[in-house]
Participant: 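Sending over a structure as structure tokens; questions will come in a sec.
Residue numbers count from 1 along this sequence.
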Amino acid sequence: MDAAMVDEYLSRIGASRPQRADLDALRRLQERHVLSVPFENLDYHLGRDILLDERVVDKIVRDRRGGGCYELNPSFGFLLEALGYRVSILGAQVRRPDGLGSPLGHLVLRVDLEESWLVDVGFRKNSRLPLRLASGDVQPDPHGDYRLARTPDGAIDVSADGVPLYRVDDRPVRLQDFRPTLWWFRTCPDSPFMSDLFCSLPTTDGRVTLKGDRLTRTSAGERTVEVLPDDQAVRAAYRKYFGFELDELPTPPPVAPGSPGVQLD
């Protein structure tokens with residue numbers, strides 16, 4: 001990533017260029033990314049490619065879009081590396097109602113400073129700030145109380161407010177290793193990215209989520225749900241709450257009876 005793109009990226013997330021690649025700067029950069037770039041799967045329903053390389057930076061920076069973990073975390077990792085951080089890609093298994101998902105079903109980052117830190121800007125309930133990998137204590141965060149616990153085989157279970165989120169394998173992998181799982185997410189009707197349509201962004205005191213024509217906003221503990229009347233209102237909501245325009249709207253998938261979809265609120 002060249003200097004001009006770094007400046008564009010920092011402008012996109014409302015961050016200034018750090019003087020040094022240290023923990024304080026990492027905390028500021030992650031917080032700004034989480035509060036600026038939505039977690040969304042619109043391209044899965046628009047028939048567009050999901051890119052596992054540096055081309056994803058254009059989508060996030062110049063198109064002002066968001067994405068899933070396979071897009072947001074690598075993109076943020078490219079920025080961090082350009083700023084002088086040591087970054088590794090790690091695979092994780094998402095905790096689902098019926099148990100753990102596939103070993104590379106989630107992608108997170110490890111940033112090595114004097115200590116190693118878990119960085120995740122691409123999950124439905126990721127922390128706003130980096131989490132200390134070596135600590136088993138509760139780590140308070142604006143998004144909840146997080147805990148990282150080592151399993152007997154050396155993996156790391158991540159939970160928030162006592163709810164298990166995912167299990168991280170702390171052995172670095174390559175970005176291309178996620179291609180088979182990405183194919184499954186793109187093609188299987190049962191995948192959470194094909195069975196639901198969502199765009200969600202945390203705010204300083206809540207969250208805003210758009211699922212098709214259903215807009216949910218939480219602020220200071222108050223929750224409002226609004227069904228938008230038409231496509232024009234949906235386009236306006238993407239513009240107002242997430243900061244991007246869509247040439248075409250994705251078609252929401254049919255909802256299976258009793259399916260809650262991806263839980264974001």
Side-chain angles (χ1 to χ4, degrees), residues 12 34-53 55-75 94 96-98 101-102 104-107 121-126 178-203 206-218 223-265:
R12 163 76 171 94
V34 168
L35 294 176
S36 302
V37 183
F39 178 59
E40 50 108 330
N41 70 334
L42 306 185
D43 281 356
Y44 285 77
H45 299 278
L46 288 168
R48 298 177 182 173
D49 290 337
I50 305 301
L51 302 171
L52 285 174
D53 55 44
R55 290 176 294 171
V56 72
V57 175
D58 274 333
K59 174 184 177 181
I60 290 168
V61 175
R62 292 177 174 159
D63 296 341
R64 304 191 70 82
R65 288 282 306 282
C69 68
Y70 289 0
E71 300 166 285
L72 300 186
N73 281 320
S75 182
V94 175
R96 306 192 185 282
D98 58 350
S102 63
L104 296 176
H106 184 46
L107 185 158
V121 298
F123 194 65
R124 55 184 169 78
K125 190 176 173 57
N126 53 267
F178 292 86
R179 292 191 184 279
T181 315
L182 173 60
W183 177 84
W184 182 86
F185 278 126
R186 291 295 311 276
T187 59
C188 181
D190 294 334
S191 94
F193 280 78
M194 294 305 297
S195 61
D196 202 355
L197 174 68
F198 55 83
C199 184
S200 187
L201 185 67
T203 64
R207 178 178 288 272
V208 57
T209 299
L210 182 58
K211 287 191 169 190
D213 61 357
R214 187 179 180 89
L215 179 67
T216 302
R217 288 169 289 170
T218 57
R223 185 174 186 266
T224 62
V225 180
E226 177 184 2
V227 178
L228 303 177
D230 51 35
D231 286 354
Q232 182 177 352
V234 172
R235 292 177 190 273
Y238 282 121
R239 185 185 315 115
K240 176 179 180 179
Y241 295 105
F242 306 105
F244 58 79
E245 302 275 355
L246 287 177
D247 295 333
E248 59 178 319
L249 292 179
T251 301
V255 178
S259 172
V262 176
Q263 300 300 296
L264 295 163
D265 302 316

Participant: Locate the shortest heavy-atom distance separating Arg186 from Met194; write the atom from each residue and the value.
Facilitator: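 In this case the closest contact between Arg186 and Met194 is O-SD, 3.5 Å.
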Participant: Under 4.5 Å between any side-chain heavy atoms of Glu71 and Ile50, yes or no?
Facilitator: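 Side-chain contact under 4.5 Å: yes.
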Participant: Shortest non-hydrogen contact from Cys69 to Gly105?
Facilitator: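 For Cys69 and Gly105, the tightest heavy-atom pair comes out as SG-O, 4.4 Å.
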Participant: Within the side chain of Asn126, is there an N or O that forms a donor-acceptor pair under 3.5 Å with the backbone of Phe123?
Facilitator: yes
Participant: Would Leu197 and Leu42 satisfy side-chain contact (heavy atoms from CB on, under 4.5 Å), going step by step from the backbone distance to the final call?
Facilitator: CA-CA 7 Å; Leu197 174 68; Leu42 306 185; 3.5 Å; yes
Participant: Can you tell me how far CZ of Arg179 sits from CG of Leu52, rounded to the nearest 0.5 angstrom?
Facilitator: 5.0 Å
Participant: Hey, are Ser200 and Arg207 close enough side-chain-wise for a donor-acceptor pair under 3.5 Å?
Facilitator: yes
Participant: Check whether Arg214 reaches the backbone of Glu226 with its side chain - one donor and one acceptor, N or O, closer than 3.5 Å.
Facilitator: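 Checked: no pair found.
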Participant: Does Asp58 pair with Arg62 as a salt bridge, N-O distance under 4.0 Å?
Facilitator: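 Yes, charged N to carboxylate O under 4.0 Å.
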Participant: Side-chain contact, heavy-atom cut-off 4.5 Å: Leu72 with Val37?
Facilitator: yes
Participant: Check Val234 against Gly212 and note the closest heavy-atom contact, atom names and distance.
Facilitator: CG1-O, 3.9 Å
Participant: Tell me whether Glu40 contacts the main-chain N or O of Gly66 through its side chain, where contact means a donor paired with an acceptor under 3.5 Å.
Facilitator: yes
Participant: With distance as the sole test, does Asn73 use its side chain to make a donor-acceptor pair with the main-chain N or O of Val121 at under 3.5 Å?
Facilitator: yes
Participant: Looking at Arg96 and Asp98, is there a salt bridge between them, counting it only when a charged N and a carboxylate O are closer than 4.0 Å?
Facilitator: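 Between Arg96 and Asp98 there is no salt bridge, as every charged N stays at least 4.0 Å from the carboxylate O atoms.
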Participant: Might you work through the side-chain contact (heavy atoms from CB on, under 4.5 Å) test for Thr216 and Arg223, ending with a clear yes or no?
Facilitator: CA-CA 7 Å; Thr216 302; Arg223 185 174 186 266; 3.7 Å; yes
Participant: Which heavy atom of Val94 sits nearest to which heavy atom of His106, and what is that distance?
Facilitator: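 That would be CG2-CB, 3.7 Å.
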Participant: Output yes when a side-chain donor or acceptor of Asp49 lies under 3.5 Å from a complementary backbone atom of Leu51, and no otherwise.
Facilitator: no
Participant: Report yes if the side chains of Thr203 and Leu35 come closer than 4.5 Å at any heavy-atom pair, otherwise no.
Facilitator: no
Participant: Do the two ring centres, one from Phe198 and one from Phe193, sit under 6.0 Å apart?
Facilitator: yes
Participant: Might you point out which heavy atoms bring Asp196 and Asn41 nearest each other, and give the distance in Å?
Facilitator: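 Closest heavy-atom pair between Asp196 and Asn41: O-ND2, 2.7 Å.
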Participant: Is there a donor-acceptor contact under 3.5 Å from the side chain of Asp53 to the main chain of Arg55?
Facilitator: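 It does hold such a pair.
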Participant: How long is the span from the CZ atom in Phe39 to the SG atom in Cys199, to the nearest 0.5 Å?
Facilitator: 10.5 Å
Participant: List the atom pairs, donor and acceptor, that lie under 3.5 Å between side-chain atoms in residues 240-248 and the rest of the protein, sequence neighbours left out.
Facilitator:
from   : atom 1 : to     : atom 2 : distance (Å)
Tyr241 : OH     : Arg217 : NH1    : 3.0
Glu245 : OE1    : Arg239 : NE     : 3.4
Glu245 : OE2    : Arg239 : NE     : 2.6

Participant: With sequence neighbours excluded, tell me which residues meet side chain to side chain contact (heavy atoms under 4.5 Å, CB included) with Asp231.
Facilitator: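 Scan of Asp231 (side chain to side chain contact (heavy atoms under 4.5 Å, CB included), adjacent residues dropped) gives Leu249.
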Participant: Between Ala233 and Leu228, which heavy-atom pair has the shortest distance, and what is it?
Facilitator: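 Closest heavy-atom pair between Ala233 and Leu228: O-CD1, 3.8 Å.
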Participant: Side-chain contact, heavy-atom cut-off 4.5 Å: Leu215 with Val208?
Facilitator: yes
Participant: Roughly how far, to the nearest 0.5 Å, is CZ of Phe185 from OG of Ser195?
Facilitator: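 Rounded to the nearest 0.5 Å, the OG-CZ separation comes to 10.5 Å.
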